[in-house]
There are 2 protein chains.
Amino acid sequence: MEENSKYKELLNREGIKSTRHRNAILKLLEESEFPQTAEQLYITLREKTASIDLSTVYRTLDTFASKSLVLKSNRVDDGKALYELNHNEHKHHLLCVGCHKLISIEDCPIGELKQTLKNKIDFDITGHKLEIYGYCHDCKKYKLPPSDHDNL
Amino acid sequence: MEENSKYKELLNREGIKSTRHRNAILKLLEESEFPQTAEQLYITLREKTASIDLSTVYRTLDTFASKSLVLKSNRVDDGKALYELNHNEHKHHLLCVGCHKLISIEDCPIGELKQTLKNKIDFDITGHKLEIYGYCHDCKKYKLPPSDHDNL
DNA sequence: TCACCAAATGCAACTGCCTTGCATTTGCAT
DNA sequence: ATGCAAATGCAAGGCAGTTGCATTTGGTGA
């Protein structure tokens, strides 16, 4: 299968072995629309491919993160770790507080701030993280009165 | 002591009892320059005031958070919960990756994004969180080559 | 192709953060 | 003062994630 050779090449480039599990996890992440928890990935892997241990999933994801192949973050509401493929593109996420859907966006408002801060207080921005909460199209109709999320 | 009566009033306004522990935690949060973990608060409380149980600290902080008296967030690197007093002011922080100094700013770039996202994908923003990394004036001279922080 | 070795994996036990159940204590209204 | 709901302490438990160790596997060199 030529898909696996693609992963193999990618992994070799990072100086780590290409294994059945690693290829499967890369493939799964590639197919995932949203960042996934380790457990979500674990369950899916057990369903569709061979047996795998949860610790292997964690170890693999950590290895990938250390090589910058995947990006690790923490879910806002429960602090669980989320993993997604690193496409090396700059993006942010919208979290719907209604259905917990995560939507990726390319818009980034940091540009002008960068210059403002440089002028105002001589601070050089090298990175940032922006999390946005709100209600998606589907959840607006069920919108609840303002809650804790409004303070974030 | 009249400081406690200030806390008592605050707590009564939220419809919850004023207790020794609650007053102490409010006071401690008021004195804290940065968001604290539950354990940091716990340790400090044990040192300077009477005995308190860790579960009480957690329960108190959760209660305060549910009343919006404190803001709860998750530390970026290890996902631990952080608690800080809610001053109801909108602000963000600059984290200097050189000296780990935390600088508060009032600038917020979310305004235009709000309208953009509403038009583009029908998403209603209710809140957001922005963390900015970089080098402060003092650390610029020692600036290191780009690191992990640049991906955040 | 084979044999070897470091790296990867499975399994089970364990850690750390946080939560919960329950008996006791405390704040506050009456 | 007294009674009751709310708060607390204590101990046990839950859950995400980690680790130690024996076994298996991928890749390299003969």
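Quick note on labels: first sequence line is chain A, next is B, and so on, each numbered from 1.
Residues forming a side-chain hydrogen bond (donor to acceptor under 3.5 Å, both in side chains) with Q36(B) (at least two apart in sequence, or on another chain): none. By the side-chain hydrogen bond (donor to acceptor under 3.5 Å, both in side chains) test, H21(B) pairs with no residue at all, sequence neighbours left out. With sequence neighbours excluded, the residues that form a salt bridge (Lys or Arg N to Asp or Glu O under 4.0 Å) with K118(B) are D124(B). The salt bridge (Lys or Arg N to Asp or Glu O under 4.0 Å) search around K120(B) returns D107(A), not counting sequence neighbours. With sequence neighbours left out, K67(A) forms a side-chain hydrogen bond (donor to acceptor under 3.5 Å, both in side chains) with no residue at all. In this structure E47(A) satisfies the salt bridge (Lys or Arg N to Asp or Glu O under 4.0 Å) test with no other residue, sequence neighbours excluded. Annotation: salt bridge (Lys or Arg N to Asp or Glu O under 4.0 Å) contacts of D53(B) (sequence neighbours excluded): none. Contacts of N74(A) classified as side-chain hydrogen bond (donor to acceptor under 3.5 Å, both in side chains), with partners at least two apart in sequence or in another chain: none.
Taking five base pairs at each end of the helix from dT1(C)-dA30(D) to dT30(C)-dA1(D) and finding the rotation axis that steps the C1' atoms of four pairs onto the next four gives two axes whose angle is 30°, to the nearest 10°.
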Quick test: give all pairs of protein nitrogen or oxygen and nucleotides 17-19 of chain D nitrogen or oxygen below 3.5 Å, distance rounded to 0.1 Å.
unit_1	atom_1	unit_2	atom_2	d
dG17(D)	OP1	A81(A)	N	2.8
dG17(D)	OP2	Y58(A)	OH	2.4
dG17(D)	O5'	Y58(A)	OH	3.3

Polar atom pairs (N or O), protein with nucleotides 26-30 of chain D, under 3.5 Å:
unit_1	atom_1	unit_2	atom_2	d
dG26(D)	O3'	S18(A)	O	3.3
dG27(D)	OP1	S18(A)	N	3.4
dG27(D)	OP2	K8(A)	NZ	3.4

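Atom OH in Y42(B) sits about 11 Å away from atom C1' in dC10(D), given to the nearest Å. dT25(D) atom P lies 15 Å from atom CG of N23(A), rounded to whole Å.
Heavy atoms only, all atoms of each residue included: S68(B) and N86(B) are closest at O-ND2, 2.9 Å. Taking all atoms of both residues into account, the shortest heavy-atom contact from Y83(A) to K72(A) is OH-CE, 3.6 Å.
Ring orientation note: the planes of H90(B) and H128(B) are tilted relative to one another, at an angle of 30° to 60°.
For E89(B), the CD atom counts as densely surrounded, since its 6.0 Å shell holds more than 12 non-hydrogen atoms of other residues, nucleotides or ligands.
Here chain B contacts DNA chain C (any atom closer than 4.0 Å to a heavy atom, that is under 4.0 Å), and the contacts span dC17(C) to dC28(C) from 5' to 3'.
In summary, the side chains of N12(B) and S18(B) do not present any donor paired with an acceptor at a separation below 3.5 Å, with no hydrogens or angles considered.
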